Amino acid sequence: MELVRRTTRWVVDFWGHLGTFVKVAGTATALIGIAVTVTQTYDAVSAHFARREAVRDLVAVAERQLQGGDHAAAWSSNLRALELIPRDETAERQQIVIAKLWLQEARLSSQGGPKSFAQLVGPLEEVLLARSLKAEPADRAEIEAHIAWARFLRSRDASGAPIDVDGAIDAALKSDPQNATAHAIKGFWLLWRRGPLAEVRRHFDAALAGRGDQGFADHLVMKGWLNQARSGEDYAYGAIEYANRLHRRGRSFDDATIRGDLLAIYEEALRSRGFLDRLAGVLVPTDHADLLASLGGQTGNDERRRHAEALRGYFVERSGNRAEARRIYQHMINTAPDASRARAFAAEGLLRLRD
C-alpha cells in the first residue's frame with residue numbers, strides 16, 4: 001500500500017509540474033509568435049515606406065525629365081513608379097500629364113525609335129482610355145480630346161483600317177461642350193479633310209473661347225490653317241485672321257515655325273500687289289501693322305525682319321498715319337541693301353506719299 005501511495009503521489013507531482021511547464025512553453029510560444037508578427041509587421045511597414053519614398057523619387061525624376069522634353073524617359077520613370085505602387089494617385093496623375101504632352105509633341109524619327117504613329121501613340125492612348133473612366137467630366141473631356149489626337153496621328157500611317165477620330169471628339173464634347181482642345185481638334189480635322197470653312201470657324205471660335213489646355217488648342221488652330229495655306233488663299237487669310245485674334249488676346253506663338261509661316265504669307269504680298277490688296281481686306285490696317293511688328297520683332301533673320309517692317313509701313317500708311325509711314329520707309333531705304341525687296345517696296349511707298 002505504501003508503494004502505491006508513493007507512486008500515486010509521484011504521478012500527481014509530475015503532472016503538476018508538467019502543467020507548469022506546458023504553461024511556460026505555451027507562453028513562450030505565444031511571445032515568440034508575437035515577436036515574429038511584430039517583426040513581420042515592421043518589415044512590411046518599412047518596405048511600404050521604402051516603396052513610397054522610391055515612388056516619390058521616381059515621380060520627381062520623371063518631372064525633371066518631362067521639363068527637359070524627354071518624354072520617353074519620363075514615361076519610363078513613371079512606369080517604374082507605378083510598378084512599385086500600381087494605384088499611386090500622384091503617379092497616375094503624372095502619367096496622364098506625360099501622355100498628353102507626349103502626344104502634343106509626337107514626332108517620328110529616322111534616327112531610331114518607333115517607325116509609325118501607331119507604335120508611338122498606341123500605349124499612350126491605352127493609358128488615357130483607362131484613366132478617362134474615373135475622371136471628372138472636365139478632366140475626362142481633356143483626356144478624350146487627346147485620345148482623338150492620338151487617333152488622328154495613327155490615321156496618318158500609310159496603311160491600316162479607318163480610325164474613328166470623330167467618335168473620340170464627340171465623346172470629349174459630350175463630357176464638356178466648352179472644351180477648347182476638343183473644338184480645336186475638330187476644326188483641325190475638318191481642315192485636314194477640306195471640310196466646310198463655316199464649320200471650321202465655328203469650332204475654332206469655340207476653341208479660342210473655351211477652357212482646358214488653351215496653349216495646345218491655340219497651336220492646333222494656327223497649324224490647321226497654316227497646313228493648308230499654300231493650297232488656297234482662303235486658308236492663308238484664315239491663318240492671318242486667327243493669328244490676329246490670338247495676338248489681340250495677348251496669346252503669343254511660342255512655335256517659331258508658326259511665326260515663320262505667318263511671315264511667309266505676308267512676304268508673298270511683297271511679290272504680288274493683287275495678293276497684298278486682298279490680304280489688306282482681312283484685317284483693319286492697324287491690326288496688320290501690330291501683328292507684323294510682333295512677327296518681325298521675334299524673327300532672328302535680318303532679311304525677314306526688313307520684310308516685316310516694310311510691310312508694316314504699308315499698313316501704317318493705309319491707316320492714315322502718313323508721317324510714321326514715311327519714317328518707316330525712309331529708315332528702310334537708309335538701312336536695307338540696295339537690291340533688297342524691302343528697299344524697293346519702301347521706295348514705292350515714299351513715291352506714293354510725295355503725291
Side-chain angles (χ1 to χ4, degrees), residues 51 54-55 58-109 111-176 179-186 188-189 192 212-213 215-217 219-220 223:
R51 286 196 303 272
V55 166
L58 286 166
V59 167
V61 168
E63 181 63 27
R64 289 196 295 272
Q65 291 166 330
L66 189 61
Q67 291 175 356
D70 194 342
H71 301 94
W75 184 259
S76 178
S77 297
N78 177 270
L79 281 180
R80 287 162 57 200
L82 285 169
E83 286 170 359
L84 289 173
I85 304 181
R87 295 185 180 180
D88 183 80
E89 291 184 4
T90 301
E92 285 186 343
R93 288 195 299 270
Q94 185 186 60
Q95 189 178 49
I96 294 172
V97 172
I98 296 171
K100 291 193 296 185
L101 289 176
W102 200 355
L103 283 170
Q104 292 177 15
E105 301 180 24
R107 303 286 188 278
L108 297 180
S109 172
Q111 303 302 315
K115 300 303 179 184
S116 70
F117 279 112
Q119 293 177 353
L120 175 59
V121 309
L124 310 179
E125 183 180 348
E126 289 178 7
V127 162
L128 291 179
L129 278 168
R131 300 285 181 247
S132 70
L133 298 177
K134 59 180 182 180
E136 294 298 319
D139 292 334
R140 183 167 64 249
E142 194 68 28
I143 293 172
E144 288 167 337
H146 280 78
I147 291 170
W149 186 245
R151 292 183 182 179
F152 163 73
L153 292 173
R154 287 198 291 115
S155 75
R156 296 179 59 185
D157 289 339
S159 60
I163 296 172
D164 182 16
V165 178
D166 288 299
I169 299 173
D170 293 343
L173 290 175
K174 183 177 180 180
S175 296
D176 181 5
N179 181 264
T181 308
H183 280 292
I185 293 173
K186 184 69 172 183
F188 183 101
W189 180 231
W192 188 265
D213 192 338
F216 184 46
H219 176 85
L220 290 174
K223 292 300 289 186

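Small disclaimer: the values here were computed from a predicted structure and weren't measured.
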Item to check | Set of residues satisfying salt bridge (Lys or Arg N to Asp or Glu O under 4.0 Å) with respect to R64, sequence neighbours excluded | outcome: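 For R64 there are no salt bridge (Lys or Arg N to Asp or Glu O under 4.0 Å) partners, ignoring immediate neighbours.
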
What's the separation between atom [atom1] in [X] and atom [atom2] in [Y], rounded to the nearest 0.5 Å?
X: I169; Y: K186; atom1: CD1; atom2: NZ; answer: 5.0 Å
X: R156; Y: I163; atom1: CZ; atom2: CD1; answer: 12.0 Å
X: W149; Y: F216; atom1: CH2; atom2: CZ; answer: 5.5 Å
X: R140; Y: I147; atom1: CZ; atom2: CD1; answer: 10.5 Å
X: L79; Y: L84; atom1: CG; atom2: CG; answer: 11.5 Å

If you compare all heavy atoms of [X] against all heavy atoms of [Y], which two are closest, and at what distance to 0.1 Å?
X: A91; Y: A81; answer: CB-CB, 4.4 Å
X: L173; Y: A182; answer: CD2-CB, 3.6 Å
X: A145; Y: A172; answer: N-CB, 3.7 Å

Can you sort out the partners of [X] under side chain to side chain contact (heavy atoms under 4.5 Å, CB included), two or more places apart, ordered by chain and number?
X: A138; answer: D176
X: A118; answer: S116, R154, D157
X: A73; answer: Q65, D70

Checklist entry - For F117, what residues pass the ring pair (Phe, Tyr, Trp, His ring centres under 6.0 Å) criterion, not counting sequence neighbours? => result none

Checklist entry - Any side-chain heavy atom of L129 within less than 4.5 Å of one from E125? => result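 With C-beta onward as the side chain, the pair touches.
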
Checklist entry - Any side-chain heavy atom of L128 sitting closer than 4.5 Å to one from E144? => result no

Checklist entry - Do any pairs count as a salt bridge (charged side-chain N to carboxylate O under 4.0 Å, His left out) and have a residue in residues 126-137, sequence neighbours left out, and if so which ones? => result E92-R131, E92-K134

Next on the checklist: Per the salt bridge (charged side-chain N to carboxylate O under 4.0 Å, His left out) rule, what does the pair list look like for residues 74-88, sequence neighbours excluded?
Outcome noted: R52-D88

List for me each residue that meets side chain to side chain donor-acceptor pair (under 3.5 Å) alongside [X], sequence neighbours excluded, and say none if there are none.
X: S132; value: none
X: E142; value: N179, T181
X: W75; value: none
X: D164; value: none

For residues 96-108, which side-chain donor-acceptor pairs fall under 3.5 Å, sequence neighbours excluded?
| unit_1 | atom_1 | unit_2 | atom_2 | d |
| --- | --- | --- | --- | --- |
| Q104 | NE2 | H146 | NE2 | 2.9 |
| Q104 | NE2 | D213 | OD2 | 2.8 |
| R107 | NH1 | E105 | O | 3.4 |

Checklist entry - Is atom CD of Q67 surrounded by more than 12 heavy atoms (other residues, nucleotides or ligands) closer than 6.0 Å? => result yes

